[in-house]
2 protein chains.
Amino acid sequence: MITTGDIVNKLSRHGYRLTPQRLMILDAVDGADDHISTDEIYMQVCDQYPHLNISTVYRTLELLKELGLVTETDLGDGRVRYHSIKKGHHHHLVCHKCGQTIDMDESVLSPLKAALSRDYDFDAELSHLAIFGICKNCR
Amino acid sequence: MITTGDIVNKLSRHGYRLTPQRLMILDAVDGADDHISTDEIYMQVCDQYPHLNISTVYRTLELLKELGLVTETDLGDGRVRYHSIKKGHHHHLVCHKCGQTIDMDESVLSPLKAALSRDYDFDAELSHLAIFGICKNCR
DNA sequence: ATTGCAGATGCAAGGGGTTGCATCTGCAAT
DNA sequence: ATTGCAGATGCAACCCCTTGCATCTGCAAT
Ligand SMILES: [Zn+2]
Ligand SMILES: [Zn+2]
Ligand SMILES: [Zn+2]
Ligand SMILES: [Zn+2]
């Protein structure tokens, strides 16, 4: 369990400060049942704190991503979605035709990650990927 | 070698028409030495045909992609880039720290494509991917 | 408790890309 | 050569996201 104290420490260790906006935005992502979009976060936090600016939401999500507290992915619906790291790593298959998304375990990409490390000495960040294509129903 | 006649056929087979705009845009992508961006295409075609609208460029590239004449990729510089299919399939590794891009052969992703087909019955479109991470110089 | 200041925020302008709609045009049928 | 019309274009408004800048504030040092 990550506490507010842990977050303060993690931020200050990198020279960042804990602000009410950051806390509320992180709460919104952590409390979301599913992948949550920037404007959903914005609207939700605005209910408690109407002065919040949308650019703060974008900047905070960038920071939380950098600190490894959230992951981001683009499921192809024209906006980026976020996900608390507490819910574990996974990936998605997205069908171009029907729009269905299939969840995949992190391990599916392990061989690729290993191959890139071995052959190219490249440390790939494959934490929350969406792969597009055609699902079995639409072939 | 793909001729204008081939393109007319490919278009009309799908119920699409050949317009001067489409021909000029395809020429710009085919003639580019490297991955070319939408606004580079726009500016280049505008030299011959100043009336061209940028939304026509976006719509045409979408169509050419659908027909398999160009591939698209996002190398992380805030704009999408295009590439003629004539130049063959490949992928890219992009370093988050130094911005360097390393070219990869298509075959690197073959095992993944096969695994997704076998395990999920999913036909992944992995024609021109950019994978982000940290290169060997920046580790 | 005060102070100082680097880091954070709000604001507004701007950049890349998409979309609805009225007009135009390639092209197939006559 | 004309005609008809679905497909294509130009235009303007819009959406998602980023950025420069002036102001504000968390927090460490005193
Ligand atoms: Zn996910
Ligand atoms: Zn499907
Ligand atoms: Zn490429
Ligand atoms: Zn690097």
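Below, chains carry the letters A, B, ... as their sequence lines are ordered, and counting in each starts from 1.
Following chains of ILVMFWY side-chain contacts shorter than 4.5 Å, one cannot reach B:Val108 starting from A:Phe132, and the two form parts of different hydrophobic clusters. Cluster annotation: A:Val45 and A:Tyr58 are assigned to the same hydrophobic cluster (Ile/Leu/Val/Met/Phe/Trp/Tyr, side-chain heavy-atom contacts under 4.5 Å, transitive).
Rounded to whole Å, the distance from CD1 on B:Ile54 to P on C:dG15 is 13 Å. In this structure, the CG atom of A:Asn53 is 13 Å from the C1' atom of D:dC21, given to the nearest Å. Atoms CZ (B:Arg79) and P (C:dG15) sit 10 Å apart, rounded to a whole Å. A straight line from CG of B:Leu52 to C1' of D:dA8 spans 12 Å, rounded to a whole angstrom. As rounded to whole Å, 11 Å separates atom C1' of D:dC16 from atom OH of A:Tyr82.
Every residue meeting the side-chain contact (heavy atoms from CB on, under 4.5 Å) condition with A:Asn9, not counting sequence neighbours, appears here in chain and number order: A:Arg13. By the side-chain contact (heavy atoms from CB on, under 4.5 Å) test, B:Cys46 is found to be paired with B:Tyr42, B:Leu52, residues two or more places apart in sequence or in another chain being considered.
Enclosure of atom NZ in A:Lys86 by more than 12 non-hydrogen atoms of other residues, nucleotides or ligands within 6.0 angstrom is indicated.
Looking at B:Lys113, its side chain does come within 3.5 Å of a backbone N or O of B:Ala124 through a donor-acceptor pair. Of the possible donor and acceptor atoms, none in the side chain of B:His89 sits under 3.5 Å from a partner among the backbone N and O of B:Ser127. Proximity of a side-chain donor or acceptor of A:Arg81 to a complementary backbone N or O of A:His35 within less than 3.5 Å is detected.
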- Task: Could you go through the salt bridge (charged side-chain N to carboxylate O under 4.0 Å, His left out) check for A:Glu62 and A:Arg59 one step at a time?
- Result: CA-CA 5 Å; A:Glu62 186 63 32; A:Arg59 285 190 277 230; over 6 Å; no

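Looking only at side-chain heavy atoms (C-beta outward), A:Leu126 and A:Leu112 come within less than 4.5 Å of each other.
Using a 4.0 Å cutoff on non-hydrogen atoms, the parts of residues 24-49 of chain B near DNA chain C are B:Thr38, ordered by number. Shown for residues 57-67 of chain B: residues whose heavy atoms fall under 4.0 angstrom of DNA chain C, namely B:Tyr58, B:Arg59.
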- Task: Let me have a per-nucleotide readout for nucleotides 25-30 of chain C, 5' to 3', with B, S or -, counting only protein heavy atoms under 4.0 Å.
- Result: BBS---

- Item | For DNA chain C, the dot-bracket pattern of Watson-Crick and G-U pairs whose distances stay under 3.5 Å, | for other-strand partners | ||||||||||||||||||||||||||||||

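Aromatic ring pairs are classed by plane angle as parallel below 30°, tilted from 30° to 60° and perpendicular above 60°; the pair A:His14 and A:Tyr16 is parallel.
Look at B:Ser55 and you won't find any side-chain N or O under 4.0 angstrom from OP1 or OP2 of C:dT18.
For the residue pair B:His128/B:His90, the side-chain donor-acceptor check at 3.5 Å is satisfied. Looking only at atom types and distance, the side chain of A:Asp103 has a donor-acceptor partner in the side chain of A:His92 under 3.5 Å away.
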